[in-house]
Amino acid sequence: MSEAVNQHTEVSYLEYKGRFKGLFAWIFSTDHKRIGLLYLYSMLVLFSVAALLGLAMKIELIAPGKTIMDAQTYNSFFTLHGITMIFLIVVPGLPAVFGNFFLPIMIGAKDVAFPKLNLLSWWIYIIGAFIALSAQFIGDGPPDTGWTFYAPYSFRTGTNMLPAVTGAFVLGFSSIATGINFIVTMHRMRAPGMTWMKMPLFPWALYGTSWIQVLATPIVGVTLLMIVLERTMQIGFFDPALGGDPILYQHLFWIYSHPAVYIMILPAMGVISEIIPTFARKTIFGYKAIVVSTLAIAFVGYFVWGHHMFTSGMSGTALYTFSILTFFVAIPSAIKIFNWVATLHKASIDIQTPFLWALCFLFVFMVGGLSGMVLGALSTNVHLHDTAFVVAHFHFIVFGGTGYAFFGAIHYWYPKMFGKMYDKSWANIGLAIFFTGFNILYLPMFYLGMTGMPRRYYDYVDEFHGPNIVSSLGALLMISGLIIIITNLVRSGKHGETAEADPWKGKTLEWTVASPPSLENFEEIPTVTKHPYGYE
Amino acid sequence: MNDHQVHIDEHRDDEGAKTGMWIFIFTELLLFGGLFIAYSVYRYLNPLAFHLAAEELDTTLGTINTVILLVSSMTIAMSISAIQYKNKKLTLILMGVTLLLALAFMVNKYFEWSGKISHGIYPGSMTLQEASRGELLFFGLYYAMTGLHALHIVIGMAFIGYVMYLVVKNEVQHDNFVILENSGLYWHLVDLIWIFLFPLFYLIT
Ligand code: HEM
Ligand SMILES: [Cu+2]
């Protein structure tokens, strides 16, 4: 780049004109930023649909007996809700949207290592989504197994399982492609001077995540493939009538799906580790501890899958081992909490919307994590397994953790991505309503689970009525909050004020480039000499 | 502005491309890993039935296929040396031989499978329905694992065929052959998996 152009004459990636025009300039673009936005828009649509399904289920549960839908519809709703939320949103979510957009910029690169593979992974994502969702409309009725596809029901049920399972299988390839891409990008393309220990924490979190994506996804891939073969060719992998073992299915499924929960949460922790130092105007406390705990979570997370199967039938030794390992895996998460809180200690905090999201994250993540400990203990688990308590646990941690981090991230990086600032007061009002609704929705479910209400039923006995009313009203409130938040973000894309390059006084590399960034991010690849959060 | 587009597309990093391929190969191994776990669990649970069922398989055919794949791994490796010596013709010949060997493997596989099927041994067949649970599982795994492996052979063939086309068009040359190396790596993977499948199904009876 000898003919280096002035920053101000360089058009932004949003206005850049390439080979294609209109829509094609997006869906065939290999620019990591455009691909990030493609994922964002796809997920926004899917998330809205799945959230409305969730609301419909809560309305069904507002009173015992049939309220607005019958049992079979309810079953298909929680299945579709789960498949969409897990496989299409929280698993790919943060890496695909914010990882794609910001990873190259934060490590001082012009793009990811394999831009074409990156575009391909979005296409695989869309194709997988279509296959999975087609199950709703073709064949013998929507799937009703839940997102876990447990054998033997998943090949005995008359409903249309094949597309759902195949879709999830296809989505795995998208996840693997992104994982490989990010790992190679971080190994090969860090800016000169950016040693591993000078890399910001969001890229670090993506690094751990990518390894899990690469090493765990193939297992669920082959497991889903086995379900497909079982349904189409009567190979009895998991069907006891054909000699197979349904428990083996659960093992294989959770060998992936427990690490998958860390695919969901690690990038969220990365986002929080970016937001907190920026608004605390302070170097993150214990940078190394956060890095090491990220890697520790990625590693230990492989050995705890059995805690989903405490009641399925395992040897005593296996039970104790999985239980104690589950407790171990909570330690690195706790280390991070301490680091974040310690960063806030004696800081001169600038309270802004992204920071408020991070605070709310800390609260819900702790509730979720502590309830996880309750579930990880054998004696309590036997009582609570498959009850509303589990549903509350994972909503606090998946929606509470990953979801809050997602919204935190979008409020943090919005000015950089679109060059506009959203309306901050509406954003805060939305958050307040959302947060209140969230807690009213999910806290009663802990109580319901402890008193014995099972999950995945459209009906319940009268004793559970009271808390269910509270919970359902919470759902309505929460959805109202969501509507405010999303409307505000969409509206501000047009009407928002123009944002500066560094509205929050952040120190990482993405704040040194224009908002929105130019096609190649940097005119000149920067040389990094300092620690990423160099405030003092 | 178009110069910049070109600039991004031109970003070339052979080391990175190979790293990516290696990681991808790990994922492939893990994909088969799930089936290997299923195999070991069911073999452990049904030792006798697995023993009896394995005797039905034709060790000669299996051995021939093993040799074929090993030789093909050699020829593709040699083609990578050939391109470094700027010998385009030899490169193409060696790649062609690799493809022919792969084809021979598939033909062999075809005869092996159709032989089994004509004896009524296939998933869901009457014969198997009457067999023991263990035998049923053995043949289920046999078809699933060798079938998935055969699919990888086909993918590998397509990959090598595509690289051959690039060699013909001089897009792969002595100073720019990482994609040939990657197709070679992929082919070695296919070979490696067979090296595990062969003893599991044909040798340990
Ligand atoms: C402090 C760390 C954590 C511990 C100790 C923990 C423990 C557990 C246990 C023991 C269960 C099984 C409950 C049962 O079915 O009986 C469970 C379920 C679940 N957890 Fe966690 N967990 C932790 C963190 C997470 C994280 C970080 C996520 C995701 C971001 C997560 C997502 C889930 C999900 C989705 C389920 C339900 C799966 C299902 O059956 O549908 N957990 N957790
Ligand atoms: Cu788990």
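Both backbone and side-chain heavy atoms feed into the values below; hydrogens, waters and symmetry mates do not. A, B, ... follow the sequence lines: proteins, then strands. Residue 1 opens every chain.
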Is it true that atom [atom1] of [X] has more than 12 heavy atoms of other residues, nucleotides or ligands lying nearer than 6.0 Å?
| X | atom1 | result |
| --- | --- | --- |
| A:F303 | CZ | yes |
| B:F36 | CZ | yes |
| B:Y110 | OH | no |
| B:W22 | CH2 | no |

Exercise. Under 4.5 Å heavy-atom distance to chain A, tell me which part of B:L136 shows up: side chain, backbone, both or neither.
Key: side chain
Quiz prompt | From CD1 (A:I255) to CG (B:L30), nearest 0.5 Å | solution = 10.5 Å
Taking the side chain as everything from C-beta on, heavy atoms only, tell me whether [X] gets closer than 4.5 Å to [Y].
| X | Y | value |
| --- | --- | --- |
| B:T27 | A:T217 | no |
| B:L148 | A:L225 | yes |
| B:F24 | A:V214 | no |
| B:F139 | A:I235 | no |
| A:H251 | B:V41 | no |
| A:F237 | B:L35 | yes |

Practice problem: Would you name the heavy atoms of B:A38 and A:M226 that are closest together and state the gap between them? | Solution: CB-CE, 3.6 Å
Exercise. Could you pull out the closest heavy-atom pair between A:L242 and B:R133, with the gap in Å?
Key: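 Minimum heavy-atom contact is C-CD, 3.6 Å.
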[X], part contacting chain B, at a heavy-atom distance under 4.5 Å:
| X | result |
| --- | --- |
| A:L215 | both |
| A:A177 | neither |
| A:D31 | neither |
| A:L252 | side chain |

Exercise. Just jot down the side-chain hydrogen bond (donor to acceptor under 3.5 Å, both in side chains) partners of B:D58, sequence neighbours excluded, or say none.
Key: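 Here the qualifying residues are B:T60.
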